[in-house]
Number of protein chains: 2
Amino acid sequence: MDRRATIKDVAEAAGVGVATVSRVLSGGSASAAARERVLAAAAQLDYRPSALGRNLRQRRTGGMGLLVPDLTDTFYGQLAEGVLACARSAGEPVVLGSTGGDPEQEADLIGMLIEQSVDRLIAVPSGDAETWTPAMRAGMTVIFADRLPSQTSPDGTGPSAVGDLMALDGLPPAPPARPLDVPAVVADDRAGIRTAVRYLRGLGHKRIAFLGGPGHDGRADAFRAAVGEPVDEELIVFGTGSRDSAYAAASGLFQSRPDLSAVVAGGNVLGEAAVLAARELDLRVPKDVSLVMYDDVPWAELCSPPLTVIAQPGRDMGYRAAELVLRAGTRRARSVVLPTELIVRGSCGPRR
Amino acid sequence: MDRRATIKDVAEAAGVGVATVSRVLSGGSASAAARERVLAAAAQLDYRPSALGRNLRQRRTGGMGLLVPDLTDTFYGQLAEGVLACARSAGEPVVLGSTGGDPEQEADLIGMLIEQSVDRLIAVPSGDAETWTPAMRAGMTVIFADRLPSQTSPDGTGPSAVGDLMALDGLPPAPPARPLDVPAVVADDRAGIRTAVRYLRGLGHKRIAFLGGPGHDGRADAFRAAVGEPVDEELIVFGTGSRDSAYAAASGLFQSRPDLSAVVAGGNVLGEAAVLAARELDLRVPKDVSLVMYDDVPWAELCSPPLTVIAQPGRDMGYRAAELVLRAGTRRARSVVLPTELIVRGSCGPRR
DNA sequence: CCTGTCCATGGAAACGATTCCATCATGGTT
DNA sequence: AACCATGATGGAATCGTTTCCATGGACAGG
């Protein structure tokens, strides 16, 4: 087995210098004669430039990194497909990492990407600003997708989980880590949640619960805003990311607050858990409890009743993010907010 | 912003040569004194070796490639999670590509990986042996997962789609492309399908159909073997990969053969299509038609009735494949066949 | 005919790591 | 005391590409 042809082989075969070969192949200026001979020699030798040499010389790996919490979550599958579609049409490689929603794993993966000199990154962030400073310091072009890093609330109200965590180590109350200035591609959560709540209100529901997962703080806030004062915080519960914990949260919610008549699930994993928990507790959907789920996924239609959802364009989100991250450098990317759509199926009914 | 520290900076700071730094950091022999000073300097400078230089010198990119047909198919999401979990614990990057089940895109992605000098690849193959020769010729270590490339049947019976395609161009009847000698991690399709068919037979079903997608030739063959002679080929239909085509195939099947009483779906996308098509045609599951679906996915339980499935361990499959591809080189990898399990839920009933 | 401009060209440096190899110090054995 | 084996060490080569720069030829204008 002979090794791959190098640029030197091509240069020799074409009777020109390596510089000329490089210029011809990467669009520099060259005479028609030289161009022709180089192209012929390259084809003859089946030459493909090695990304290794180029990357080293340019001190950067092409392509982009992609960090998502969990690929078995259909929504992130859609998002990844969008990113991959864009990357493929650009001929760029994508380095994938799954964080499991864990900031620590996320930090590890960011470190790995830095080591690889991947300098463009699309991420559904799990960690907070601190997790992301190494990436910024390394000069990465980062685009967030689907959500922003949870922020230590600057005013002290609504202590986030992150805030609690940081309080543990006895350090000063977290330097006012200014929010990261990173462009993002997100859905219009505020409008989506508002639409869902109004829809449920229109059906007569008064006690509406929100079932969220990690990273759904923004949606929970939108929910608070949509239901208006007074907010019954007991009706806002969170799972930690695993399907089990989502189920436990849903089940706990149904049992502790039998008076609720409708649930907004902040993501498809939560929606799944809500359906399962309701079934287990003999609550009928939508007779006993109405359900609106964030994310439209193929199986939402399979449920019975088919689930009413707030659709967000996962694939588009990924595609747009990939476009942004590839264009970046040309000019600073601006954030993008994509519209959501309430798709009414059968999981909501009038208040019993 | 100063650039990242290089090995040269560390050597200078520690007062040693670059060779010593390299040895210390990659486990070579060095005196305790040197080791200590190098480690201190490296920590001081926050040095992380660049994968770029290493890769070029070693003429190979670390990590592995992963090629799947479609990430919105939950099963491939599971498989990818398994691969990523193993890669993460090894600290290796994963370059992901989605082929859409299209051999042409697959070939493009293989080319991209070769260009990147990625020399380890896990793939759910879509193309035939010919698609894979470039990868073999490049000396890649390839592990197939979930299925093997479709083979031009050597004896001429059962002309595969591939065979037909090759006949078109008037070339000699396809050189007997010997099957690729590539290790694989697959589920025991034969046993899985057999179990499903026996289970349905036990419920009294006589006319059982198989609904397959691209890459399900093996499962279709297993189905033929399981039902035994005579095989009613009309009861074996295929979609082309998209959800629409799966739906069309399912719908066509139900309409053309109203006498069938049970369906085995070769994958979760096909199962989804079968449920949808049945509902549209007012066929009740399991009263009018029983359904067994290949792949256990979280939403199988959400359907009503919950779907009886043949579970295959997608995550394990990915993890094992990643282990194999990382170990390869140590010794030639052997193929692995993982067990399947029939999980009885509610989508099968006695023949009406 | 001379000179200045422009462009194509190829040699060589650079990128950051690993690894070969020659050198040197050390310590033990004859 | 002479010699050899061993092990640590650093300089330099290497990987394959891009890009800088010096060179030389062609061509146009004076």
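Numbers restart at 1 for each chain; the letters A, B, ... are given by sequence-line order, proteins then strands. Keep in mind that what you see is a predicted model, and the values were worked out from it rather than measured.
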> Without decimals, in angstroms, what is the distance between A:Leu52 CG and C:dC15 C1'?
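Interatomic distance, CG of A:Leu52 to C1' of C:dC15: 12 Å.
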> Between C1' on D:dG16 and CZ on A:Arg59, what's the gap in Å once rounded to a whole number?
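After rounding, the gap between these two atoms is 17 Å.
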> Between the base of C:dT18 and the side chain of B:Arg57, is there a donor-acceptor distance below 3.5 Å?
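Counting by modelled atom types and ignoring angles, a donor-acceptor contact under 3.5 Å is found here.
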> Taking only N and O in the side chain of A:Ser31, is any of them less than 4.0 Å away from OP1 or OP2 of C:dT9?
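Yes, within the criterion.
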> Please find the pair of heavy atoms, one from B:Leu324 and one from B:Arg334, that lie closest to each other, and give the distance.
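Nearest pair, atom of B:Leu324 first, then B:Arg334: CD1-O, 3.6 Å.
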> Between D:dG16 atom P and B:Glu115 atom CD, what is the distance in whole Å?
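It works out to 15 Å between those atoms.
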> With nearest nucleotides of DNA chain C determined for B:Arg48 and B:Arg23 from heavy-atom distances, which residue corresponds to the more 5′ nucleotide?
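First, find each residue's nearest nucleotide; the 5'-ward one identifies B:Arg48.
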> Measuring only between side-chain heavy atoms, which start at C-beta, is A:Ile110 closer than 4.5 Å to A:Leu67?
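They are in side-chain contact.
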> Does any non-hydrogen side-chain atom of B:Val16 lie less than 4.5 Å from one of B:Val38?
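B:Val38 reaches B:Val16 side chain to side chain.
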> Is it the case that atom CZ in A:Arg88 sees more than 12 heavy atoms from other parts of the structure closer than 6.0 Å?
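Above 12, so yes.
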> Between A:Ala51 and B:Gly17, which has a closest nucleotide on DNA chain D that is more 5'?
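This one resolves to B:Gly17.
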> Any side-chain heavy-atom pair from A:Gln116 and B:Asn55 closer than 4.5 angstrom?
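Side chain of A:Gln116 against side chain of B:Asn55, heavy atoms only: contact under 4.5 Å found.
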> Mind checking if B:Ala19 touches a base, just sugar-phosphate, or nothing, with heavy atoms under 4.0 Å?
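Contact class for B:Ala19: base.
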> Taking atom C1' of D:dG16 as reference, at what distance in whole Å does atom CG of A:Leu56 sit?
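A:Leu56 atom CG is separated from D:dG16 atom C1' by 9 Å.
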> Using whole Å, report how far CZ of A:Arg54 lies from P of C:dA17.
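In whole Å, C:dA17 P lies 20 Å from A:Arg54 CZ.
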> Can you measure A:Leu45 atom CG to D:dG16 atom C1' for me and round it to whole angstrom units?
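A:Leu45 atom CG is separated from D:dG16 atom C1' by 15 Å.
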> Using a 4.0 Å heavy-atom cut-off across all strands, classify A:Ser22 as base, sugar-phosphate, or nothing.
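Answer is base: heavy atoms of A:Ser22 come under 4.0 Å of a base.
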> Checking contacts here: which listed nucleotide (D:dT17, D:dT9, C:dT18) is nearest the side-chain heavy atoms of B:Ala30?
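Of D:dT17, D:dT9, C:dT18, D:dT9 is nearest to the side chain of B:Ala30.
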> Which part of the nucleic acid, if any, lies within reach of B:Ala34 when heavy atoms closer than 4.0 Å are counted: base, sugar-phosphate only, or nothing?
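Sugar-phosphate contact only.
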> Take the protein atom CG of A:Leu25 and the nucleotide atom P of D:dT17, then report the distance between them rounded to whole Å.
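The distance from CG of A:Leu25 to P of D:dT17 comes to 9 Å, rounded to the nearest Å.
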> Between A:Ile7 and B:Ser29, which residue's closest nucleotide on DNA chain D lies nearer the 5′ terminus?
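This one resolves to B:Ser29.
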> Which nucleotide, C:dA17, D:dT9, D:dT18, lies nearest any side-chain atom of B:Thr20?
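Side chain of B:Thr20 sits closest to D:dT9.
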> Report the distance from atom CD of B:Glu12 to atom P of C:dG16, rounded to the nearest whole Å.
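Taking atom P of C:dG16 as the reference, CD of B:Glu12 is at 14 Å.
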